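First up is the structure itself, then whatever we jot down about it.
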Amino acid sequence: MRKEWKKLAALMLTAAMGAGLAGCGSSGGGAAQTTAAQTTAAAQTTAAGGSGETKAAETQTEAQTQEPVTIRFSWWGGDSRHEATEKLVAAFMEKYPYITVDTEYGAWTGWEEKQSLNILSGECADVMQIGTNWVTDYSRGGTSYYDLYQLSDIIDLSQFPEEKLKLNEVDGKLMAIPNSLTGRLFYWNKTTFDEVGCPIPTDEASLLAAGAAFKAYNEEYYPLALGEYDRIIFMVYYLESRYGKDWVTDGKMNYTEEEIAEGFAFINKLEDEHVLPSIATISGDMADSLDKNSKWIDGKYAGVMEWDSAVVKVRTAMEESVNKPGQEFVIGEFINFGQYQGGFTKISMNMCIKAGTEHPKEAAMLVNYLMNDPEGVEINSTERGIPCSAVAVAYLNDKNIGDEMTKEANARVLAYSQFTQDPKFDDNDLKANPDGLYYKLFGRLSSRGITPEQAAAELVKGVTQVLEDQ
C-alpha cells in the first residue's frame, strides 16, 4: 500500500502531460455520438454472438426496458488494434442499443503512467486493457479492480485455463482475465539482407558477421535495432540461453552481478561491432517506437525483436514504405547463444473492470463480447494475440480468421521459449519511459557513462527493491 501511494504522488506530477499522451478515440465522441442512429438500426436487425443468437425483437425489448447506460473502455496499441476495437465497440452498441461505450486509447509510450494515476485515484475507465504487472502494482490489495468471479454469470470464465486465471488473483479475487500468452522473437527485412549480401542471423557468429557486412555496405544500416526496453528483454534472452535459469523465481533474482555484467558487456559488443545502433542514434530518429521509425520502414534497420502479437504492426509499417515499396518481411529463427532455449512467455495483456464501476453488468457484457462472443472474437481477430479463450481459438480456427503470421509467431514462441516472465519484470519503476531503471541504465551504458559491472550492480539493486517492495 505504501508503494502504491508513493507512486500515486509521483504520478501526479505527470498528470497534465498524460492527458496529452492519450489519443482519445473517436468513440469518445465519434462512436458514442452515433449511438442514436445505431439504436434505430439495431431495433430492426439481428445481432449474432454470445452463447446463442440474439434476435432483433429481443434486443428491441431489452432496449425498451433498460435505462441508458454509458461505460468507458480504455486500451493501448497500434493503428490496426485501434481500428478493430472501434469496430468491435460499434458492433457491441448496435447489439445492445441502450449501452454507450466511450473509448480512450493511444500508443504505449506514456500510457501506463497516465492509466496508473487514473487507477490509483479512482478515475479510470470502467473496462480496461491492462498489463500483467498492473494486477499487483495497482490493485491495492484487490480493491482497485472488480472481482470477476462475482460476474461469472455474465463472463464465461470456463473458457480460460484455470492456472492462468490464478495468476491474476489477489486475496482470492479475480482481478483480470488474460487475453493471450505472448513472447518475443526476431523479425527481419529480407530485402535489406539480400541487398547487403549476408544471411539472416541464426547464432552469435552470424549476428556479428551481419554487423560487419552492414557497416561495409552503408554505415547508416544496421542488422538489428533495439530500444532500451527491447535491450533488457534481449539481454535476459541471452543470459537464459547461456545459463538456463529463469530471471526471477519466487520473488528472488537467479542471476549474479557477474553473470548480468556479461549480458551488459555483450550489448556493448553488439554496438561496437555495428550490430546495434546506439541509443543516441535511435533517439535521434525522433520516433515513439521502432515500428514508426523511418529507418525500419525504409529498410535501414533490418531487424527487430518484438512480441508475437506485434507482427501486423511492424510488418505493415515496413510494407507500406513509400520510399522503398515491395520489401519482404520474414520471421527468423531464434538466435542461438548457448545450449539452452532462451526467451520467456507471459500473459500478453489482461481485461479488467474498475471496482467502483456503476455498471458492472454492462462492463462484464463488453468483456465477454470481446473475449468469448463469436461476433466480437471475429472482429478482434488476432489484434491482441492468439486468444486464451478456448471458444475464441476454436472459432478463429474454424472460420480461418486471423493473421496467419501472427499465429505462426505465437506457435513458434510457445514451442521454443522455456522460461516464464515474472510479473514484476514490467514494474513501472523498471519499465517506465524515460525514468524507469531499464531506460536509465541502457542509456548510460550506450553512452559509455557506466561500465557493465556498474550497470549490473545497479540493476540487481533496483530489481531486488521492486521484488521486496510489495
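The shown structure was predicted, so the numbers you read here are calculated from the model rather than taken from an experiment.
With sequence neighbours excluded, no residue satisfies salt bridge (charged side-chain N to carboxylate O under 4.0 Å, His left out) with Glu163. Take Gln418 and apply the side chain to side chain donor-acceptor pair (under 3.5 Å) test, not counting sequence neighbours, and it matches no residue.
In this structure, Asp291 does not pair ionically with Arg315, as no charged nitrogen and carboxylate oxygen lie closer than 4.0 Å. Here Lys324 pairs with Glu195 in a salt bridge; the nearest charged N to carboxylate O distance falls below 4.0 Å. Residues Glu378 and Lys399 are not paired through a salt bridge, judged by the lack of any N-O separation under 4.0 Å between the basic side chain and the carboxylate. A salt bridge links Asp426 with Lys346: the distance from a Lys NZ or Arg NE/NH1/NH2 to an Asp or Glu carboxylate oxygen falls below 4.0 Å. The pair Lys440-Glu458 fails the salt-bridge criterion, with no side-chain N (NZ, NE, NH1 or NH2) lying under 4.0 Å from an Asp/Glu carboxylate O. Comment: Lys313 does not engage Asp79 in a salt bridge, judged by the lack of any side-chain N to carboxylate O separation of less than 4.0 angstrom. For Lys295 and Glu220, the salt-bridge test fails: no basic side-chain N is under 4.0 Å from an acidic carboxylate O. We find that Glu228 and Arg231 are not joined by a salt bridge, their nearest charged nitrogen and carboxylate oxygen being 4.0 Å or further apart. In this structure, Lys424 pairs ionically with Asp427, as a charged nitrogen and a carboxylate oxygen lie closer than 4.0 Å.
With hydrogens and angles disregarded, a donor-acceptor distance shorter than 3.5 Å links the side chain of Asp246 to the backbone of Thr420. Side-chain atoms of Gln129 come within 3.5 Å of backbone N or O of Trp76 as a donor-acceptor pair. Looking only at distances, no side-chain donor or acceptor of Thr132 sits under 3.5 Å from a matching main-chain atom of Pro423. Of the possible donor and acceptor atoms, none in the side chain of Glu104 sits under 3.5 Å from a partner among the backbone N and O of Cys124. Remark: the backbone N or O of Gln159 is not paired with any side-chain donor or acceptor of Asn372 at under 3.5 angstrom. Of the possible donor and acceptor atoms, none in the side chain of Tyr369 sits under 3.5 Å from a partner among the backbone N and O of Pro374. The backbone N or O of Gly385 lies less than 3.5 Å from no partner atom in the side chain of Thr382, so there is not a single donor-acceptor pair.
Identified under the ring pair (Phe, Tyr, Trp, His ring centres under 6.0 Å) test for residues 258-300, with sequence neighbours left out: Tyr222-His274, Tyr238-Phe266, Phe264-Phe442, Phe266-Phe337.
Checked against the 6.0 Å centroid threshold, Trp247 and Phe344 do not count as a close aromatic pair. When ring centroids are compared, Phe186 and Tyr237 come within the 6.0 Å threshold.
Considering only heavy atoms from C-beta on, Asp403 stays 4.5 Å or farther from Ser381 through its side chain. Between Met351 and Met128, every side-chain heavy-atom pair lies at or beyond the 4.5 Å cut-off. Residues Tyr229 and Lys431 meet the side-chain proximity criterion, which asks for heavy atoms closer than 4.5 Å. Looking at heavy atoms from C-beta onward, Ser348 lies out of side-chain contact with Leu181 at the 4.5 angstrom threshold. Between Met253 and Ile260, some side-chain heavy-atom pair lies under the 4.5 Å cut-off. Residues Tyr243 and Gln339 have side chains not in contact (no heavy-atom distance under 4.5 Å, counting atoms from C-beta outward). Taking the side chain as every heavy atom from C-beta outward, Met349 and Arg384 approach each other to under 4.5 Å. Side-chain contact between Asp308 and Arg184 is absent, with no heavy-atom pair separated by less than 4.5 Å.
In this structure, CG in Asn293 is found 6.0 Å from CG in Leu290, a value given to the nearest 0.5 Å. Separation of atoms CZ (Arg72) and OG1 (Thr103) is listed at 11.0 Å; rounding is to 0.5 Å. Atom OH of Tyr255 is separated from atom CD of Glu262 by 10.5 Å, given to the nearest 0.5 angstrom. Here the CZ atom belonging to Phe92 is positioned 5.5 Å from the CD1 atom belonging to Ile71, to the nearest 0.5 angstrom.
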For the pair Val391 and Ser389, evaluate side chain to side chain contact (heavy atoms under 4.5 Å, CB included) and give the outcome as yes or no after the intermediate values. CA-CA 6 Å; Val391 68; Ser389 165; 3.2 Å; yes

Please report the C-alpha distance between Leu157 and Leu174 in whole Å, then the side-chain angles of each, then the deciding distance to 0.1 Å, and finally whether the side chain to side chain contact (heavy atoms under 4.5 Å, CB included) criterion is met. CA-CA 10 Å; Leu157 300 179; Leu174 182 60; 3.9 Å; yes

Phe73 vs Thr85, test: side chain to side chain contact (heavy atoms under 4.5 Å, CB included). Steps then yes/no. CA-CA 10 Å; Phe73 178 23; Thr85 311; 3.5 Å; yes

May I have the step-by-step check of side chain to side chain contact (heavy atoms under 4.5 Å, CB included) for Asn189 and Met318, ending in yes or no? CA-CA 8 Å; Asn189 184 326; Met318 187 198 77; 3.3 Å; yes

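If you check the side chains of Tyr340 and Glu240, you find no donor sitting under 3.5 Å from an acceptor. Checking Ser80 against Glu383 by side-chain atom types alone, a donor-acceptor pair falls below 3.5 Å. Side-chain atoms of Ser321 and Asn323 include no donor-acceptor pair closer than 3.5 Å.
The number of heavy-atom neighbours closer than 6.0 Å to CD of Glu404, taken from other residues, nucleotides and ligands shown, is above 12. The local environment of CD in Glu408 is crowded, with over 12 non-hydrogen atoms from other residues, nucleotides or ligands closer than 6.0 Å.
Using the six-membered ring where Trp is involved, Phe214 and Tyr221 have ring planes that are tilted, between 30° and 60° apart.
Cation-pi geometry between Lys190 and Phe329 is not met: the NZ or CZ atom fails to fall both under 6.0 Å from the ring centre and inside 45° of the normal. Both tests do not hold together for Lys173 against Tyr149: distance to the six-membered ring centre under 6.0 Å, angle to the ring axis within 45°.
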